[in-house]
Protein chains: 2
Amino acid sequence: MGATKTEHYSQNQNAIASIAKALGHPARIAIMEFLAKVDTCICGDIVNELPLAQPTISQHLKELKNAGLIQGNIEGNAICYCINEKTMAKLQGYFINLALKLKKKNNCC
Amino acid sequence: MGATKTEHYSQNQNAIASIAKALGHPARIAIMEFLAKVDTCICGDIVNELPLAQPTISQHLKELKNAGLIQGNIEGNAICYCINEKTMAKLQGYFINLALKLKKKNNCC
DNA sequence: ATTCTTTATCGTAATATTGCAATATTAAAC
DNA sequence: GTTTAATATTGCAATATTACGATAAAGAAT
């Protein structure tokens, strides 16, 4: 085997896992931090910022995009990538809800 | 190649990525939800709940434990797994901070 | 039209993850 | 001490991820 059995889980579980998975790499965390910090959000700037080759960055951006965490707007021959606040909010909301459920029961450890 | 170049990122970036990575699988999300919902938290219950073989569950639990998301207490010959609220809080705090930074600038897309 | 700049895709090697059967470990129960 | 029950570890096959060089694509600048 080796492939995740996604069909056994709820749509929401798969959705949250897929967002978390996209954030599960330090380069992609670094990209998110850069996009949150900086005023411009040109792909080339990210390539300069991170210690990875351009194709690798492009691949990471694609994964963040597929997870809905960022979106890209074409600006001339460059591309401006930005954080999609909705997806971040969705993830946050999920965790807040999980923490709430946890508060309601006696965590036994 | 194929291995993540962790040495190029900050300790915090690696830490957050590793927590997110642990949550990046629907089975592990399902385990977290189960632990947040249910009053007992015996490993065997998780095995009964999820559509995976016992060794696979054990492996997923190990990963959640390595990421600091859960902890296990021995109870007789069973093991009681519980969510580690501190790690959840750390992750939440990180995202809240990221969202705050985002608010301070003009998200250009 | 050609060249330059920027980003994406392809191909591929190295490594990691997922899942499970078989087996080991550990502690309770008898 | 044997057996039973619960969890962990090992070993392995299938698949996925990571990283990058080479190359393609698409628009800007000349």
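Sequence lines set the chain letters: A, B, ... in the order given, protein chains first and strands last, and positions in each chain run from 1. Note that the coordinates shown come from a computational prediction; the quantities given were computed from them, not determined experimentally.
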Roughly, in whole Å, what's the span from CG in B:L64 to P in D:dT7?
16 Å

Atom CD1 of A:I70 to atom P of C:dT7: distance rounded to whole Å?
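It is 12 Å, rounded to the nearest whole Å.
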
What do the steps show when you test B:M88 against B:L69 for side-chain contact (heavy atoms from CB on, under 4.5 Å), and what is the final call?
CA-CA 7 Å; B:M88 288 299 291; B:L69 279 162; 3.6 Å; yes

Minimum-distance nucleotide to [X] side chain [options: [options]]:
X	options	value
A:A78	D:dA6, C:dT7, D:dT9	C:dT7
A:H25	D:dA19, C:dA8, C:dT18	D:dA19
A:Y81	C:dC20, C:dT7, D:dC20	C:dT7
B:K62	C:dT18, D:dT9, D:dA19	D:dT9

Say you draw a straight line from CG of B:L23 to CD of B:E63; how long is it, rounded to the nearest 0.5 Å?
11.0 Å

Using only modelled atom types and a 3.5 angstrom limit, is any donor from either the side chain of [X] or the base of [N] paired with an acceptor on the other?
X	N	value
B:N77	C:dT26	no
A:Q59	C:dA8	no
B:Q54	D:dA8	yes

May I ask you to test the A:M32-A:I70 pair for a side-chain heavy-atom distance under 4.5 Å?
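Yes, close enough: below the 4.5 Å cut-off.
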
Identify the two heavy atoms, one from B:Y9 and one from A:H25, that lie closest to each other, and give their separation to 0.1 Å.
OH-CE1, 4.5 Å

May I ask you to say what [X] touches in the nucleic acid, namely base, sugar-phosphate or nothing, with a heavy-atom cut-off under 4.0 Å?
X	result
B:L52	sugar-phosphate
B:I57	nothing
A:K65	nothing

Going through the distances and angles, do B:E33 and A:Y94 end up as a side chain to side chain donor-acceptor pair (under 3.5 Å)?
CA-CA 10 Å; B:E33 285 181 7; A:Y94 179 84; 2.4 Å; yes

Is any side-chain nitrogen or oxygen of A:T56 closer than 4.0 Å to OP1 or OP2 of D:dC20?
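For A:T56, the contact criterion (side-chain N or O under 4.0 Å from OP1 or OP2 of D:dC20) is met.
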
OP1 or OP2 of C:dT17 less than 4.0 angstrom from a side-chain nitrogen or oxygen of A:K21, does that happen here?
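Answer no for this pair, as no side-chain N or O of A:K21 is under 4.0 Å from OP1 or OP2.
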
I want to confirm an ordering. Mapping A:I42 and B:P55 to their closest nucleotides on DNA chain C, which one lands closer to the 5' end?
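Nearest nucleotide further toward 5': that of A:I42.
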
Could you say whether B:L61 or A:G76 is positioned toward the 5' end of DNA chain D, judged by the nucleotide with the nearest heavy atom to each?
B:L61

